[in-house]
Structures are given as structure tokens and as C-alpha cells.
Amino acid sequence: MQGPGIDAGSQPYASMAGKLDPRLLKALDVMGFTSMTPVQQRVLTELPNWRSDCLVQAKTGTGKTLAFLLPALHCLLQGQAPPRGKVAILIITPTRELAQQIAKSCDELTSQLTTPLECHIAVGGTARASAHSRFMKGAPSILVATPGRLKDYLSEDYTAQKLSNIQTLVLDEADTMLESGFIADVKRILQLIPPKSTGWQGMCFSATVPPKVKDVVSVVLKSGYSNISTIDKNEAPTHERVPQYHVLIPSVAETFTTLASLLNMEIKKCSKIIVFGVTANMVALLANVFSEGLTPLKVFEIHSRLNQSRRTKTTEMFKEASAGIMFASDVIGRGMDFPNVDLVIQVGLPSNGEQYVHRVGRTARAGNDGRAIILLTEAESFFMKVNRHLPIKPHPQTDAINAAAPLCADAVTMAMYSIDEETKQRAYSSFIGFFAGSGLLKPLRLDKTGLVQMANKMAMEGMGCPEPPPMDKKVIGKMGLKGVPGFNYASGNDLYGGNRPQSRSNGRHPGKNRDALSPGAGRDQHGGVDKGRRGRGGGGGRGARRGGRGGKPRGA
Ligand SMILES: Nc1ncnc2c1ncn2[C@@H]1O[C@H](COP(=O)(O)OP(=O)(O)OP(=O)(O)O)[C@@H](O)[C@H]1O
């Protein structure tokens, strides 16, 4: 169980006998964890006491989950427990998968108690009624939640009563929880639980703590909180055990062939790989295309456009798998612990340097080794310049990868031919929406017309579309691109009207997703519906026609 280097130089857990609750120590033993990881050791030995507020930073995959669970559970077991049925430990995470993973670790840690502690989950995308009923009827001591569903629980007085005796509040992935996407929810949640003055402990954990986080951390931590970091100021926030490379391509049109070429080369060395794409719909396209015989490895797919039961099943299967490629959006970009991932590939830009670090951190966990590669266009290579602290070097086989890319063109074209137009259209639309809404046009030196031209090039040269995929005028307007030339305009009716031919469907994309045509169909790091970001535009997602139509392409 121990990774080869995870416990280097750290204390054995046996040294905590008499300090840490013996049932937790026994559970650690059963889990096979004999030594503390550095962050676990620092938290357990340096906090003034285990009820102290803290901001803790340690690299990805170094055991931060146990570093917050152990002191919180110890205090619950050894201190004055709240009345039965009331939650003592509240853990907030950005994604549903991470909530499920943390709850599992919590259950393992409490497995040696005679009367088990109940750890419940409150996340979106699941049957709310049954989870809520279990929560209300049960005796939950720990709740792991995503912000949207937690806010929903807290908005009902009788449910909020269950959370009226909080002892510890943990913000996992604290920097993202305190960023613009989540901070409003977190602040609302804080208004609905007992005030900080009641004395609950605040714990904030992340592998990345950009300076701006320290300005807002006071919403959960009281001044004078302990600041623990296992990362030296001058050190890169990624593992030294992860060589990191970039592969540059002249234009987005080469994305698919270059990725095919790169994977052909890499699977000689790596068998468990995660490929991150820029948007959920782009990930869906990649997963579909590579399922069409472009790789001998089993293909997995995860993003917010899939229903939660499928996401959960895929997560479990990929955790168990010894080999395979997971095409993923940022729903698994942070915190997720998939054992033995050899390689992380990022196709296109991450949302920022922090997100790059977290994605890379899906490999080389628990002391293991790994590699990371980012595939960017020449124009996107500004990412390396603005993130000079990241040790990303040119891939030593860039020339060979680029030279072999055209040889993959026929296979990619064939694979693209078998993909339904709706999947391509959604990828195209989300790609435009992502760039239009991200503030990336300036560093890319693109204007809006250039963006549409870039997307059209990708669609027609990379995805095999005979013309730019149709776009609803309203959606274009919402993206702030009204009047920009190059679109293949279509009204919602034309896009989804009754005279569409049958599209190929393999059951993977039920097409009930309205987001694909909305400007909100961009980044996927907040786990989709939990944040209430579902798009309003589009029409109810039925098939689309092969080859598109519905309006003249202008320009492009
Ligand atoms: N003391 C330990 N000894 C050996 N392995 C451990 C120990 N503690 C945790 N691990 C294992 O290390 C892996 C990474 O742990 P965890 O997921 O908590 O990392 P993390 O620091 O939270 O990562 P991230 O920043 O990506 O969220 C898990 O597989 C976990 O079981």
C-alpha cells in the first residue's frame, strides 16, 4: 500500500500511540499505513492543538485527506460529541467524485469503532429525496458535501438543524472553493451554519495556495491561524518525480492527429493514462473518436454532461483498472486518487497554472512516479511563459510525434466520420464558448473573427465537418459574438427541427444536454449541475444532422 517514497523520513504512526485515538490507529494499521506522510506528520505534530484553525498546503497525492480527517475525527471521538444525529464534521469539496472519495476514506478510518460513525454525502446529480431522507432519519456525524446541494439542504430549517452543532469545517481544495466560482456559495453556507464565534474549527487544505487566497481565507479561519506548507517557496509545486513536457502544434486542426501520434508513442511506456480536454463536450468528442479504434487501450470517459451514476461507475472502474485511457474534464482535475496513473496529458490550455498543477497531480501519487505532457498550439505556448515556475520542457520526441501525426490522419478521418454531428457540433460550440468567455483572446492575439476562424478550421480540417457546424443565433449572442463573421447561422428550430436525419447513436450521449449550446458550456471544473450552471439556451438536445446545414457559412 505504501508508495515507495511517501514515508521517506517521517515518523511511524506507532509513535502516536497515546495521542491519537487507538481505534483510528488500528484503522490506519488495517489500511496498511504504517508511517505518516510529511503533511500528516506536520499537521499532527505542529498544530497548537487539533482543534486549531489551519491553512495547509502540500503537493498533490501526499495524503492531505487523512491529514484533515485524523485530527477532526480524533476530536470528535475524544471530545464532547454533539447530540446524536447532529453533524460534527462538515467537509466541503468542489466535486461529487471527490466527496464520495473522502467519505470512503472516512468510513475506512472509522471502521474499527464498535458503533460506526455515520458519514453522509450530499452532492448534486444523485437522487436527492432518498439521500435527504437517509440524512434526516440517520445519525450523521460527518457530512461531505458539494456547495450546491449543501446550500439546498441548509435552506430548509429542519435540515439545517442537523448542522447546528458543527465542530469542524473543512474546505478541501480550498483555493478553488474560495475563488469566484464558489466563494458566493461558501459565503452563503457560512450564513446558514452557526457563526464562527460559536467556536468551530476551520481547516483549509490544497496543493496550491495562490496569494489571493490568503485575502479571503478569513471567511473560515480566525486570525492567527496556523499556516503549514510542505512546499518550499522556491520549489515548483509539482513533484520532482514527474518529468513535464510540452508538444507544440502549428494549429488546432492538428490536435486530433497529434494526440493520436503522441498516444501511439506513449503507450509503449505507459498503460494507465488520463487525457484532459478543455470542455466537457470536447472531452466527449475525444472519447468517442478514440473509441473508434484509435487506441488499443480501453477508453473511459468522464465529464459533467454524463449522468452521475455513469460518472460514479466510471470512477470506480478506472480506480480498479490496471490499464486504460480516461478522457476527462476538470471534474476529476483535483483531488481524485486513481492508483498508478503513469501519464497525464492535457490537450489545450488549463484554466490557470494552479489547475495545471492539480491535473498533473493525478499521476505520481503516494510516492509513485509519473509523467505529464501538455499539447498546445504554438499560439497557446504563452502558457509556459506566464508559468515559468513550472518545469515544462519540450518533449524530447516532438519531431517524431509531429512527423507521425499525418500518418494518423486517415485513421482519425475514419473515426471522425463515424461520430454523429451533434457530438461534433457540441464540441465546436463549447470550444468557441470557452475561448470567448475566458479572457484568453488577448494572450492568444486573436480577435473574435479570428476565434471563429480558428474553430472553423478545427471543425473542417480536424473534425471532418464539410462546413462549420451550425450555431444558434441566440447562443452566438449570449457568447458575445453577435455579428462576428464566419458562423453557419441556424435558428434553434433549424438545429433541432423535425427534418433532421437520424444521427448515429451509440448510447453514450443521450443528447438531453442543453448546455452544449449555451455560452456556459465551458470549463468543467465545478462538476456541472452542482453549481446550478446548467445552460438555458439550446433546445432540448436531440440529434443533429450529419454534416450540418441550416444556413450559409459566411467566410471561414
Ligand atoms: N500515511 C500514508 N502512507 C501511505 N499512503 C498514504 C498515506 N496517507 C495517504 N496515503 C495514500 O496516498 C494517496 C494520496 O492521498 P490523498 O488523496 O489524500 O492525497 P492529497 O494530498 O489529498 O492529493 P490531492 O492534492 O490530489 O487532493 C492515497 O492513495 C492515499 O491512500
Side-chain angles (χ1 to χ4, degrees), residues 16 19-21 24 36-59 62-82 86-94 98 102 105-106 109 141-145 147 150 154 163-179 182-231 335:
M16 298 303 287
K19 295 180 199 150
L20 193 61
D21 187 282
L24 296 176
M36 295 178 235
T37 67
V39 66
Q40 292 162 6
Q41 180 172 331
R42 298 259 325 254
V43 168
L44 292 172
T45 61
E46 286 182 21
L47 277 189
N49 69 68
W50 291 347
R51 288 197 183 283
S52 303
D53 281 11
C54 56
L55 171 62
V56 179
Q57 181 180 13
K59 287 183 184 179
T62 57
K64 291 187 290 298
T65 313
L66 262 55
F68 61 73
L69 282 177
L70 284 170
L73 287 170
H74 172 90
C75 292
L76 171 60
L77 293 171
Q78 300 278 322
Q80 202 187 0
K86 297 235 177 180
V87 172
I89 303 170
L90 176 61
I91 302 164
I92 312 180
T93 81
L98 189 50
I102 293 169
S105 294
C106 187
L109 275 182
S141 296
I142 304 120
L143 180 66
V144 193
L150 178 59
L154 286 166
L163 290 131
S164 58
N165 283 70
I166 302 289
Q167 291 179 349
T168 301
L169 172 73
V170 181
L171 285 190
D172 193 20
E173 308 299 340
D175 55 333
T176 201
M177 301 307 300
L178 295 169
E179 258 177 12
F182 280 120
I183 184 77
D185 281 353
V186 170
K187 284 187 173 164
R188 181 72 192 128
I189 287 164
L190 291 169
Q191 287 167 351
L192 297 168
I193 61 170
K196 182 75 182 150
S197 56
T198 57
W200 50 258
Q201 172 192 29
M203 301 179 105
C204 291
F205 279 68
S206 184
T208 49
V209 180
K212 58 182 186 255
V213 170
K214 296 204 173 154
D215 301 337
V216 285
V217 90
S218 60
V219 296
V220 265
L221 306 181
K222 64 171 179 265
S223 66
Y225 63 82
S226 299
N227 196 345
I228 293 177
S229 175
T230 62
I231 308 174

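Scanning for side-chain contact (heavy atoms from CB on, under 4.5 Å) contacts around Thr93 gives Ile91, Leu98, Ala99, Ile102, Val144, Thr146, Asp172, with sequence neighbours left out. Shown here are the salt bridge (charged side-chain N to carboxylate O under 4.0 Å, His left out) partners of Lys196, two or more places apart in sequence or in another chain: Asp53. In this view, Ser164 and Lys86 satisfy the side chain to side chain donor-acceptor pair (under 3.5 Å) rule, not counting sequence neighbours. Shown here are the salt bridge (charged side-chain N to carboxylate O under 4.0 Å, His left out) partners of Lys64, two or more places apart in sequence or in another chain: there are none. For the side chain to side chain donor-acceptor pair (under 3.5 Å) test, residues two or more places apart in sequence or in another chain that qualify with Gln191 are Arg188. Annotation: salt bridge (charged side-chain N to carboxylate O under 4.0 Å, His left out) contacts of Arg51 (sequence neighbours excluded): none. With sequence neighbours excluded, no residue satisfies side-chain contact (heavy atoms from CB on, under 4.5 Å) with Ser218. Residues that satisfy the side-chain contact (heavy atoms from CB on, under 4.5 Å) test with Asp21, not counting sequence neighbours, are Arg23, Leu24, His74, Leu77, Gln78.
Here the CG atom belonging to Leu154 is positioned 7.5 Å from the CG atom belonging to Leu90, to the nearest 0.5 angstrom. Taken from CD in Gln57 to CD1 in Ile228, the straight-line distance is 12.0 Å, to the nearest 0.5 Å. Note that CG of Leu69 and CG of Leu76 are 11.5 Å apart. Values are rounded to the nearest 0.5 Å. For the atom pair CD1 of Ile142 and CD of Gln167, the computed distance is 10.5 Å after rounding to the nearest 0.5 Å. Atom CD1 of Ile92 is separated from atom CD of Glu173 by 13.0 Å, given to the nearest 0.5 angstrom. Here the CG atom belonging to Leu44 is positioned 8.5 Å from the CD atom belonging to Gln41, to the nearest 0.5 angstrom.
Between the side chain of Gln40 and the backbone N or O of Gly63 there is at least one donor-acceptor pair closer than 3.5 Å. Under a 3.5 Å cut-off, the side chain of Thr62 and the backbone N or O of Lys59 do form a donor-acceptor pair.
Within the 4.5 Å cutoff, no side-chain heavy atoms of Val43 are placed close to those of Leu70. For the pair Val87/Pro82, no side-chain contact is recorded, criterion being any heavy-atom separation below 4.5 Å from C-beta on. When side chains are defined from C-beta on, Ile89 does not count as touching Ser141, because their heavy atoms never get closer than 4.5 Å.
Each of Leu143, Ile193, Asp185 was scored for a side-chain contact (heavy atoms from CB on, under 4.5 Å) with Leu150, with one residue passing: Leu143.
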*Is there a side-chain contact (heavy atoms from CB on, under 4.5 Å) between Lys214 and Leu55 once you walk through the steps?*
CA-CA 9 Å; Lys214 296 204 173 154; Leu55 171 62; 3.9 Å; yes
*What do the steps show when you test Leu169 against Leu190 for side-chain contact (heavy atoms from CB on, under 4.5 Å), and what is the final call?*
CA-CA 10 Å; Leu169 172 73; Leu190 291 169; 3.8 Å; yes
Please list every donor-acceptor pair under 3.5 Å in which a side-chain atom of residues 197-212 meets a protein atom from a residue at least two apart or in another chain.
from	atom 1	to	atom 2	distance (Å)
Thr198	OG1	Pro195	O	2.6
Trp200	NE1	Pro194	O	2.8
Gln201	OE1	Thr168	OG1	2.9
Gln201	NE2	Trp50	O	2.9
Gln201	NE2	Ser52	O	2.9
Ser206	OG	Asp175	OD1	2.8
Ser206	OG	Thr208	N	3.1
Ser206	OG	Thr208	O	3.0
Thr208	OG1	Asp175	OD2	2.5
Thr208	OG1	His358	NE2	2.6

Using distance only, find each side-chain donor-acceptor pair of residues 219-227 under 3.5 Å and give its atom names and separation, not counting sequence neighbours.
none

